[in-house]
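The structure appears below as structure tokens.
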Amino acid sequence: VAAGGGTSRETEAAGLDPQWLQEVNGLRYQDARTALELAMAQLQAPELEVEEMADLYRRAEAYAERCAAVLEQVEQDVVEWEAAAEPGAS
């Protein structure tokens, strides 16, 4: 679930290219975060057209979802490492 409350399926249903979404889902955390920061900066531009704003918002949401997914995976990895490092763990 994204920070904005949407899911990847909702983002895809919102009209984003499935191939582009697949590329986003392959991004490393830092790359997704950089893309998110760029999208957020563009959203603040006063000359941005309303139609562009909607598409850019959906893209920013997809980048945020990717960042959240990477962080969740890292958190899960840490939990697993800690469990494996406990005395008596096999």
Side-chain angles (χ1 to χ4, degrees):
V1 177
T7 64
S8 294
R9 285 189 201 103
E10 289 170 349
T11 304
E12 188 171 342
L16 293 177
D17 178 30
Q19 182 177 357
W20 179 83
L21 283 173
Q22 186 175 12
E23 291 173 12
V24 168
N25 288 332
L27 290 176
R28 296 176 316 138
Y29 175 83
Q30 191 59 46
D31 295 333
R33 175 147 180 171
T34 299
L36 174 59
E37 290 171 355
L38 289 171
M40 295 303 293
Q42 290 175 325
L43 281 168
Q44 295 174 9
E47 67 276 357
L48 185 64
E49 298 290 330
V50 173
E51 295 82 9
E52 292 176 85
M53 187 181 300
D55 182 55
L56 194 53
Y57 178 83
R58 289 190 297 264
R59 289 180 179 269
E61 188 174 40
Y63 292 130
E65 288 176 5
R66 177 60 183 156
C67 288
V70 171
L71 290 175
E72 288 173 15
Q73 182 59 55
V74 168
E75 182 179 15
Q76 182 62 37
D77 290 347
V78 169
V79 168
E80 291 174 11
W81 295 335
E82 288 176 345
E86 289 179 6
S90 47

Is there a chain of hydrophobic side chains (I, L, V, M, F, W, Y, each step under 4.5 Å between heavy atoms) that links [X] to [Y]?
{"X": "Leu43", "Y": "Val24", "answer": "yes"}
{"X": "Leu56", "Y": "Leu27", "answer": "yes"}
{"X": "Leu36", "Y": "Leu48", "answer": "yes"}
{"X": "Met53", "Y": "Tyr63", "answer": "yes"}

Considering non-hydrogen atoms only, spot the tightest contact between Ala32 and Arg66 and give its length.
CB-CG, 3.8 Å

Just checking, any donor-acceptor pair under 3.5 angstrom between side chains of Gln76 and Glu72?
no

To the closest 0.5 Å, what do you measure between CZ (Arg28) and OG1 (Thr34)?
9.0 Å

Rounded to the nearest 0.5 Å, what's the gap from CG on Leu71 to CZ on Arg33? Could you check?
9.0 Å

Taking atom CD as the centre, does Glu80 end up with more than 12 heavy-atom neighbours from other residues, nucleotides or ligands that are less than 6.0 angstrom away?
yes

